Each structure stands twice: as C-alpha cells, then as structure tokens.
There are 2 protein chains.
Amino acid sequence: MSETVYPLAGHTPQRKGLRDSVYELILNMLMTSDIAPGTRLSIDVIARDLKVSPTPVREALVQLERTGLVTREALKGYRVAPPIHSGQLEALFDARLVLECGATELAAGHAADVVPELDATLEKQRELGEKVRRAFAAGGPAPVDLLREYFAVDWQFHHLIFEGTRNPFLLDMSEDISIRVHRMRQTVNAGVTDAPDAVIEHGLILDALRNGDGDAAAAAMRDHIEKVRERARHDTAAR
Amino acid sequence: MSETVYPLAGHTPQRKGLRDSVYELILNMLMTSDIAPGTRLSIDVIARDLKVSPTPVREALVQLERTGLVTREALKGYRVAPPIHSGQLEALFDARLVLECGATELAAGHAADVVPELDATLEKQRELGEKVRRAFAAGGPAPVDLLREYFAVDWQFHHLIFEGTRNPFLLDMSEDISIRVHRMRQTVNAGVTDAPDAVIEHGLILDALRNGDGDAAAAAMRDHIEKVRERARHDTAAR
DNA sequence: TCTCCCAATATCCTATAGGAAAGATGTTTG
DNA sequence: CAAACATCTTTCCTATAGGATATTGGGAGA
C-alpha cells in the first residue's frame, strides 16, 4: 500500500494518562516501603514531589481509597490505613476460603490451559524457597529483596488459579484480596519459614488439577489456606 | 449550663463533601433511568448541570469506573459501560454461586442475629410480590416504581446474608456484585414473573438458617441461584 | 463518486489561585 | 499552675484559565 512501514506493531503507547502513573507510583510506595499507618498523605506534598498537579494525585487517591490501602476523612485528608488487626485477620482468611476454593473448582474446568503455567510458577517458587531457606540457615540479615520475590511468586500461584477461572468478576475480586493479603504479610511478617510447607501444599493442589478433579483441588486449596491460617495464628500469638 | 439550647441533636451535618453527593447523584441516575450504553459522560456538562466544578465530578467518575458502571479511555473521556452480554452473564452467576454460597454458610454461624431481619424482609417481599402479580394480572402498563421496590427487597435478602457473615471483606465484594446484578436485570429485564418462585426459594434458605444448618442453607442458596440462572437463560433465549 | 487531507470545534488534562476548615501554638485569665 | 481563648499555619476543597488532544465536517484531488 504505502511505502511507510510501521515498526511499532505491538508497541501501543498504552496511553494511560498521568493518573494511572501516579496511582502505580503511590501503590508501589505503599507496598514496598514500610510506611507507618496513620501517616498523612498530603495531596499537595505528593504533587510537588512528583512534579505534577494535584488533580491526578486526587484521582489516584480516590482509586486507592477503594482498595482499602488509604482512608479518607472528609475535609481532613487522606491517611495510610491502619494495619489489619487479629479480628480482621480471621475474617480475611474466611473470605479467602470462600473465594479461592470456589475459584479452584471453576479453574479445574480449564485445567489443560492452567496446569503448564502453574507448573512453571511452582518450579520457580521451589527454587526461591530453597534460596530463602539457605539464606536463613546462614543466619545473615533478612534478604528483603529475595523475600519480596518469593512472596510475589507465592501469590502468583493463587493469581493464576483466578485467571484460570476465565471469570472477570472473580478476577476483579482477587485483586482486592491480593492487596489485603499483602498488607497482612506486613503485620504478621512471618510466613517465611514455611516456604517448604507452602511448596508442598501448592503441589497437592496442582496434582489434583492435573487430574482434572475439581472437588479434590478445592479441598486441597481449603487445606492449604487453613494451614496458612494456623501458621499465621501461631505467629501473632508468638509476637 | 448555658442559656443556648441546641435543637440539632441528631442533625449531624454529615460532612461528606461534594464528591460523595455527586457520586450518589450519578449512581442514582445510572441505576434508575435507562441510559443507553456508550453515551458520553462529559465532565464539564455534568459539572454545569450540577452547578459544581469539574473536580468533584472527576472524583465521582473515578469511583464509578471502579464499579464497572462507566468506562474510561484516556484523553477520550468517560462513557456508560456496555451492557452485560451472555458470556459475562454465565460468569456472573458463577461468581454469585461462589460468593453467596460461601457467605450463606458463614452467616449460619450468626443465625440467631440474622433470622429475624431475614424474616421481616421475606415477609415484605411476599407482599410486594403479590402486588406485582396482581398488577401484571390486571394487564396494565409495567409499574416501574413497584418493580423497583420489589427488586430492592429481593436483593436486600441476599445483602442481609452478606451482612450476617460479619465479614467486612465479603461485604465489600457484595457491593460490587450488587451493582452488576442490577445491571444484569436491565439487560435481562425479566425476573418479574418469577416472584412467587423467588419467595419460595428464599423461604427454603431461611428455613435452613433457622435450623442452624449451614450446609443445607448453602445448598438451598445454590439451588436458588441456579434456578435464577435458568430463568435468566430462558429470558435471553426468548428475547 | 470516492478518498485523503486539513481545519475547526469540543473535550479532556493540567496548572494556578482563592476561600474554608482543622490542628497547633502562644497568650491570657481565674 | 491549669484551662480556655485567640491567632496562625497548614491543608483540603472548589473554581477558573490555558494548553493539548480527539473527533467531526468540509473541500480538493484522483
């Protein structure tokens, strides 16, 4: 047709505007650096720091409020949300049981598509878990970057199951839960030494999915989450 | 003490800022009036109509985008979200099955608190359902206000169960589902003639909860949602 | 008659300024 | 010395203006 060739095939500029950039920046800031709950999140200050106008910051904070990471009091501004206390912790696990067991059963319907990805993820988790174990055995300081990577892979296993349901509504809800689980990790700050257990339990879920047995997979997921809950209880009690 | 008397006891000014007012106004507008999908929601136009500045309108739209009622394309503005098509309809019912069956089982743990409220709601639904039936038997025009009221009570039954879980996370998710179910009603636009069925099925759920039998209650809820799904399928097929 | 290009309009996005409320600090008074 | 008041600062909330971008319509050329 024309003599101009387009070398930007998949490179859609992904026009997302400033709002989403600011959102991701603040989200990352809240997730990574351990910022004290109750800290004020001043719109103007953030806008100055990021060299943007307050408007996109406002929009990003509205979006963040919906996730529960920040709280807002009218005419008083935004603050970092308080951590998850023990009562909410039990409720969070209950919600996870409801959502994830149901999702696992649904994902079993598309097992053929899901199993390969889960396999790769579990293998990566096994490697990282071993690294974590060795790092702790060496007794050195907590390798935060390594832990962050491990937790990411751990959650990716659960996330892939949600994707496996091919259900956009459940996927949306998994996003909400994901952030809350991450926040829980900040308060419980354990779930580290149990890496071998988690790998084994994930393996049981994966085996059931490989067999296409939805009920067994859901049961394995229930078992896994209950065990994580038990370990979390132990951590909070010991704290 | 002082001679000034304060006659504004419960009249807390309810400081919520313009943002929430605008949000509720737009939400109501979208829920009630059947506005065509794809309609542009111009920030400036809405701001002019509501006699406020564009900023609170922007915030309200960000919040609405998160609910799925409106879509946003960067630099192109907001639009009314497209309706739920049949593929999403099946997925929506799957998600409801996962969420509501799990919630019912959890709510059985607080049956004593929940049953009275459910009883009152079901009684109201029975009355309204009868009114609806008579209105349709008379063959007159569709009594939209009456239908709106009936649907509200119908959903309140489900909502009370979510509240009965005493689980803030599940309650949050029920809000998301609620809006989507409402939107589904706009596309399926039936679920009217089945009022007697719905009342009966709700009654079965309530009976199981009264007995404190969580498993039976969850099974009754599953049965109910599956039947609603079947009726919705029938509607879309007939359309 | 169809296609392509260009300009005009409407809208979104960003930036800046002013009014209002909440919290903090210093002062005054019992 | 303590408590209450006044004032000040900070921040949020709202409003308005300007630059950038997408859509629409018309006109020229093939």
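Given the structure is predicted, the values throughout are model-derived calculations rather than measurements. A note on names: the letters A, B, ... follow the listed sequences, proteins ahead of strands, and every chain is numbered from 1.
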Candidate nucleotides C:dT16, D:dT11, C:dT11, ranked by approach to the side chain of A:Pro54 - the nearest
C:dT16

For B:Arg79 and C:dC12, what is the distance between atoms CZ and P respectively, to the nearest whole Å?
10 Å

Starting from C1' on D:dC13, measure out to CD on B:Glu59 and report it in whole angstrom.
9 Å

Please check: side-chain N/O of A:Arg40 versus main-chain N/O of A:Lys76, any donor-acceptor pairing under 3.5 Å?
yes

For the pair made of CG in A:Leu41 and P in D:dC12, what is the distance, rounded to whole Å?
9 Å

Whether B:Glu59 and A:Arg72 form a salt bridge (side-chain N of Lys/Arg under 4.0 Å from carboxylate O of Asp/Glu) is what I want to check.
no

Between C1' on D:dT11 and CZ on A:Arg72, what's the gap in Å once rounded to a whole number?
14 Å

I want to check one thing: is the phosphate of C:dC13, taken as OP1 and OP2, less than 4.0 Å away from some side-chain N or O of B:Arg58?
yes

Students often mix this up, so state it plainly: with edges at 30° and 60°, are the rings of A:His202 and A:His158 parallel, tilted or perpendicular?
perpendicular

Residue pair A:Lys76/B:Glu73 against DNA chain D: nearer the 5' end by closest nucleotide is A:Lys76

What is the distance, rounded to the nearest whole Å, between atom CZ of A:Arg48 and atom C1' of C:dT14?
17 Å

Would you mind reading off the bend of the helix from C:dT1-D:dA30 to C:dG30-D:dC1 from its two end axes, five pairs each, to 10 degrees?
0°

Separation of A:Glu65 atom CD from D:dC12 atom P, in whole Å?
14 Å

Could you tell me how far apart A:Ile43 (CD1) and D:dT14 (P) are, to the nearest whole angstrom?
10 Å

So, is B:Ser53 near the phosphate of D:dT14, with a side-chain N or O under 4.0 Å from OP1 or OP2?
no

Quick check: does any side chain N or O of A:Arg183 sit under 3.5 Å from a backbone N or O of A:Pro82, one acting as donor and the other as acceptor?
yes

Base, sugar-phosphate or nothing for B:Leu61? Non-hydrogen atoms, less than 4.0 Å.
nothing

Within the side chain of A:Ser178, is there an N or O that forms a donor-acceptor pair under 3.5 Å with the backbone of A:Ser174?
no

With nearest nucleotides of DNA chain C determined for A:Lys51 and B:Gly77 from heavy-atom distances, which residue corresponds to the more 5′ nucleotide?
B:Gly77

Between A:Asp94 and B:Arg166, is the closest basic N to carboxylate O distance under 4.0 Å?
no

A:Leu99 versus B:Val98, closest heavy-atom pair with distance:
O-CG1, 4.0 Å

For atom CG of B:Asp44 and atom P of C:dT11, their distance in whole Å
7 Å

